[in-house]
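Everything on this sheet refers to the single structure shown next.
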Amino acid sequence: MPELPEVETVRKGLENLVEKAVIQEVEIFWERIITGSRVGESFKKALVGEQLQQIRRRGKFLLLDFDRYTLISHLRMEGKYEVVPTDEPLKLHTHVVFHLKDGRDIRYLDVRKFGRMELVLLGQEETVAGIQRLGPEPFADVFLLEPFQAKLSRIKKAVKPALLDQNLVTGLGNIYVDEALFQAGIHPLRPGNSLTFNEAAVLHQSIIEVLGKAIQAGGTTIRTYLNALGESGNFQQDLKVYGQTGEPCIRCGNPIQKTKVAQRGTHFCAHCQKLTEENVLPVM
DNA sequence: CTGTTCTCCTGTAAGC
DNA sequence: TGCTTACAGGAGAACA
């Protein structure tokens, strides 16, 4: 599942391959991938003749800047891009194809069809609600402790779903949220407002470190798909709790446990991440 | 406004 | 062996 580090890896890979490429034609095989006011023919028509100038990223959204438009792309669970010669046969689950003037295609594949694309006027991504509500990028220069702590202190729900909201900080998904909470020694079910200032500070630092290291590693590759961009990371070898159910905790040796929090598989060490009695949330 | 549940999708694995 | 069910989860919609 692409989270911020994986999306950043895709961004770099795509930009290196297709910067300055010009779109000749667009084909859509699953209409629901495209949302917003420019869908179907209007989406295709707008992009014909457009040259890709740069690719930016905001949270887990890719922002492809053309001459007059910005294509906002979210990979959600399993979306991926590949750049291949136009004459190469389409793989299963190919939903959108951007034919380029140089004889190649940018192809969007997505087994689950959860990913979305939206075309807005150049640089107008802030008009999209999903981007407007994003918190700061998880970097030390913009993700500041004081506002994080202040917001967290007003959140009654569990800290894990709070961090997955993308509003406190953007970029965490199910893998890195478990890793950051483990590194900070905080139980995923602790209510946001139950964290002490010191705990919030440690969590803040853990989020910056975990995502920073994952970006350096090129993200986490759990299933490898040859030729797809962003599937070559190696952070999977640095995972301390995600997918480590039953394995000994690197800190205390007790087995890593798996449970469900807010409908999501959640990995943690019951010894290192304590949920004290008074912090127990009502059964959902 | 806050918090929770449902929905979208298909491949894979577990269960009977 | 073959059919059914559970599970994987990001984000937006729907709802209390």
Side-chain angles (χ1 to χ4, degrees), chain A residues 1-8 10 28-37 39 57-63 72-80 91-96 108-118 125 127-135 138 150-181 188-194 211 214 219-225 228 230-231 236 239 241-246 258-268 279-284:
Chain A
M1 58 224 72
E3 301 176 31
L4 189 148
E6 291 73 33
V7 176
E8 177 60 18
V10 172
I28 302 170
F29 301 105
W30 188 261
E31 301 280 347
R32 297 191 62 172
I33 296 287
I34 320 291
T35 62
S37 58
V39 301
R57 180 193 54 70
R58 178 76 176 97
K60 303 176 197 171
F61 291 85
L62 286 168
L63 306 170
I72 303 169
S73 171
H74 198 301
L75 306 173
R76 293 280 180 96
M77 304 296 300
E78 305 200 17
K80 45 187 67 76
K91 290 196 180 88
L92 199 59
H93 309 303
T94 299
H95 305 311
V96 184
Y108 178 75
L109 302 88
D110 191 342
V111 171
R112 306 276 289 279
K113 298 175 175 165
F114 279 4
R116 293 291 179 264
M117 288 179 200
E118 180 167 354
E125 66 272 6
T127 60
V128 173
I131 290 185
Q132 220 167 59
R133 51 179 286 281
L134 293 177
K151 280 186 190 174
L152 198 57
S153 71
R154 280 181 255 115
I155 292 175
K156 292 174 189 165
K157 67 177 169 184
V159 64
K160 170 160 176 172
L163 291 172
L164 288 172
D165 258 6
Q166 308 301 305
N167 185 268
L168 287 169
V169 59
T170 187
L172 292 168
N174 206 42
I175 295 176
Y176 299 116
V177 73
D178 281 3
E179 294 297 316
L181 286 168
L189 278 177
R190 289 276 304 280
N193 63 6
S194 78
L211 288 174
T220 298
T221 304
I222 290 181
R223 286 162 292 228
T224 303
Y225 287 80
E231 295 282 351
Q236 60 276 12
L239 296 175
V241 285
Y242 187 87
Q244 310 301 308
T245 312
K258 183 172 181 184
T259 180
K260 270 209 159 181
V261 174
Q263 344 275 21
R264 287 168 175 86
T266 297
H267 312 72
F268 70 107
N279 285 329
V280 173
L281 287 178
V283 178
M284 289 185 278

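A note on names: the letters A, B, ... follow the listed sequences, proteins ahead of strands, and every chain is numbered from 1. Only a predicted model underlies this, so the values are computations on that prediction, with no experimental measurement involved.
Residue-level contact check: A/I155 touches the backbone only, with heavy atoms under 4.0 Å from sugar-phosphate atoms and none from bases. Residue contacts for A/G115: at a heavy-atom cut-off of 4.0 Å it reaches no nucleic acid atom on any strand shown. Across all strands shown, A/R32 has heavy atoms under 4.0 Å from sugar-phosphate atoms exclusively, and none from any base. Nucleic acid contact class of A/Y176 (heavy atoms, under 4.0 Å, all strands): none.
In this structure, CG in A/L181 is found 8.5 Å from CG in A/L172, a value given to the nearest 0.5 Å. With values rounded to the nearest 0.5 angstrom, A/R76 atom CZ is found 15.0 Å from A/K113 atom NZ.
Atoms CG (A/D110) and P (C/dG10) sit 13 Å apart, rounded to a whole Å. Regarding A/K260, its NZ atom lies at a distance of 8 Å from the C1' atom of C/dA6, rounded to whole Å. The CD atom of A/Q263 sits 7 Å away from the P atom of B/dC6 (whole-angstrom rounding). For A/M77 and B/dT7, the CE to P distance is 18 Å, given to the nearest whole Å. Distance NZ (A/K157) to C1' (B/dT4): 9 Å, rounded to an integer number of Å. When the C1' atom of B/dT4 is taken as reference, atom NZ of A/K160 falls 16 Å away, rounded to whole Å. In this structure, CD1 of A/I33 is placed 17 Å from P of C/dG10, rounded to the nearest angstrom. Computed from coordinates, the A/L168 CG to B/dG3 P distance equals 10 Å when rounded to whole Å.
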Under 3.5 Å between N/O atoms: give me all the protein pairs with nucleotides 11-14 of chain B, atom names plus distance.
from	atom 1	to	atom 2	distance (Å)
B/dG11	OP1	A/H93	NE2	3.2

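Applying salt bridge (Lys or Arg N to Asp or Glu O under 4.0 Å) to A/R57 and the options A/E8, A/E6, A/E125 leaves one that passes, A/E8.
Using a 30° and 60° split on the angle between ring planes, A/W30 and A/H95 fall in the tilted class, from 30° to 60°.
Evaluation of the salt bridge (Lys or Arg N to Asp or Glu O under 4.0 Å) rule for A/E3 yields no partner, not counting sequence neighbours.
A 3.5 Å limit on both hydrogen-bonding distances identifies no Watson-Crick or G-U partner for B/dC1.
Using modelled atom types, no side-chain atom of A/Q166 and backbone atom of A/L134 make a donor-acceptor pair closer than 3.5 Å. A donor-acceptor pair under 3.5 Å links the side-chain atoms of A/D110 to the main chain of A/G115, judged by distance alone.
Using modelled atom types and a 3.5 Å distance limit, the side chains of A/S73 and A/Y108 yield no donor-acceptor pair. A donor and an acceptor atom, one from each side chain of A/T266 and A/K160, are located under 3.5 Å apart.
Spacing of C1' atoms, C/dG10 relative to B/dA13, comes out at 22 Å, to the nearest Å. Comparing the P positions of C/dA11 and B/dG11 gives a spacing of 23 Å, expressed to the nearest Å. B/dC6 and C/dA6 have their P atoms separated by 14 Å, given to the nearest Å.
Salt bridge status for A/K157 with A/D165: present, with a side-chain N to carboxylate O gap under 4.0 Å.
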Would you give a per-nucleotide map of nucleotides 11-16 of chain C, 5' to 3', where B means the base has a protein non-hydrogen atom under 4.0 Å away, S means only the sugar-phosphate does, and - means neither? BS----
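Residue A/K156 places no side-chain N or O under 4.0 Å from the OP1 or OP2 atom of B/dT2.
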